[in-house]
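Input: a single structure, listed below in structure tokens.
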Amino acid sequence: MTGTRFLFKTTKNLFGQTIKLRHKGLWLSKGDQAAITRQIARARGLLSASIASISLGFNADARRFATTYFLTGNTGPDGAEQTQIKKILQLTYHGLSNDFTMKLGGDGDFGFVTRSRSDAADAAISPHDGLGWSRDGHAMHISKKRMLRDADIGVITIIHEGSHKFADTWDHGNSGYREEDDSGWWEPGLTRAQALVNADSYAYFAFRLGATCGM
Ligand SMILES: [Zn+2]
């Protein structure tokens, strides 16, 4: 991210959690701050509801969403897969519930998490997330434009990027991204094993399952 500087900082408190919003422009309006804070709170709520929902096992909704997003077939995720799904959701929730810094880019269409040098060597990084490593480590960058354009997409993007940052999920090229209207994958080809570590799979799974719990 050559030339990208986040000189300005706005600090928000959310139920005792401190969120630092770093931005390039001097001004982050109160309305934008409120919208972004609401999206973070909603992402946390959806994750929390999803985790509670599957804590005693996957019900019919959870199995159906797992079939769609984790490609776990008609029988749903097996025991090891259920454990993995829960663990990644919990790590993402925990990370988003503690203090963190989010860098708000103004012009991109997506978010990404900067990776360490060794991670960047992994060929599995996608174009929109794998924009390289930087010295500030695993910073979570999210497009302000994308967040403010559509609140649902903003929430999904926060969970997606949070899962990268806090639970080491990956992207798998165009076959790992859902269409924004959730009608399918950008391209076919994602395998079941890939889906179980795929960021967008967790973002949409938590978004849909959390919604069935009234979030
Ligand atoms: Zn990603």
Side-chain angles (χ1 to χ4, degrees), residues 35-36 38-40 42-47 49-51 53-54 58 60-74 76-77 81 84-85 88-89 92-93 96 102 104-113 115 122-131 140-215:
I36 290 165
R38 268 199 307 276
Q39 289 181 19
I40 294 167
R42 192 158 152 241
R44 281 172 39 172
L46 288 161
L47 283 160
S50 299
I51 293 162
S53 165
I54 59 174
F58 280 52
D61 284 330
R63 285 179 186 282
R64 181 163 52 86
F65 293 131
T67 296
T68 300
Y69 304 121
F70 299 117
L71 308 175
T72 46
N74 293 331
E81 289 169 336
Q84 183 177 354
I85 291 166
I88 288 177
L89 291 173
T92 305
Y93 172 75
L96 289 175
M102 182 184 282
L104 299 167
D107 42 9
D109 277 335
F110 293 102
F112 65 92
V113 173
R115 296 268 177 191
D122 192 304
I125 296 177
S126 74
H128 89 248
D129 291 277
L131 298 179
M140 185 157 59
H141 295 240
I142 294 195
S143 162
K144 188 173 105 180
K145 181 175 146 191
R146 181 173 164 87
M147 291 183 87
L148 297 175
R149 176 167 56 82
D150 184 304
D152 286 352
I153 294 298
V155 169
I156 288 165
T157 304
I158 290 166
I159 301 172
H160 177 119
E161 301 303 330
S163 81
H164 282 317
K165 179 170 170 61
F166 302 115
D168 284 330
T169 60
W170 289 94
D171 295 304
H172 296 89
N174 288 344
S175 57
Y177 297 116
R178 300 292 296 174
E179 297 287 354
E180 280 198 0
D181 64 2
D182 199 23
S183 57
W185 306 97
W186 285 11
E187 288 179 9
L190 191 71
T191 68
R192 180 168 175 162
Q194 288 172 334
L196 284 155
V197 291
N198 184 53
D200 239 16
S201 298
Y202 285 92
Y204 279 88
F205 180 82
F207 186 84
R208 294 289 175 210
L209 184 58
T212 69
C213 306
M215 285 304 301

(request) Take I40 and I158, measure what side-chain contact (heavy atoms from CB on, under 4.5 Å) needs, and give me the verdict at the end. (result) CA-CA 7 Å; I40 294 167; I158 290 166; 3.9 Å; yes
(request) Could you please spell out the steps behind the side-chain contact (heavy atoms from CB on, under 4.5 Å) verdict for I36 and L148? (result) CA-CA 8 Å; I36 290 165; L148 297 175; 4.3 Å; yes
(request) Go through the steps for T212 and S53 under the test side-chain contact (heavy atoms from CB on, under 4.5 Å), then give the verdict. (result) CA-CA 9 Å; T212 69; S53 165; 5.6 Å; no
(request) Check the pair D200 / D171 against side-chain contact (heavy atoms from CB on, under 4.5 Å), numbers first and verdict last. (result) CA-CA 8 Å; D200 239 16; D171 295 304; 5.7 Å; no
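Contacts of R63 classified as side chain to side chain donor-acceptor pair (under 3.5 Å), with partners at least two apart in sequence or in another chain: none. Residues satisfying the salt bridge (Lys or Arg N to Asp or Glu O under 4.0 Å) test with D150, not counting sequence neighbours, are none.
Using modelled atom types, one side-chain atom of T72 and one backbone atom of A66 make a donor-acceptor pair closer than 3.5 Å. Put simply, the side chain of T67 never gets that close to the backbone of G76: no donor and acceptor are under 3.5 Å apart. Of the possible polar contacts, none joining the T169 side chain to the N198 backbone as a donor-acceptor pair under 3.5 Å is found. Put simply, the side chain of E161 never gets that close to the backbone of I142: no donor and acceptor are under 3.5 Å apart.
Nearest heavy atom pair, residue A62 against residue F205, reads O-CE1, 3.5 Å. Closest approach of Q39 and M147 over heavy atoms only: NE2-O, 2.9 Å.
Note on ring orientation: taking the six-membered ring where Trp is involved, the planes of W186 and Y177 are tilted (angle from 30° to 60°).
Residues I153 and F207 have side chains not in contact (no heavy-atom distance under 4.5 Å, counting atoms from C-beta outward). Side-chain contact between Y202 and T92 is absent, with no heavy-atom pair separated by less than 4.5 Å.
Two rings, from F70 and F65, have their centers 6.0 Å or more apart.
A cation-pi arrangement is present between R178 and W185, with the terminal nitrogen or guanidinium carbon under 6.0 Å from the aromatic centre and inside a 45° cone about the axis.
Here C213 contributes atom SG and R208 contributes atom CZ; the two are 13.5 Å apart, rounded to the nearest 0.5 Å.
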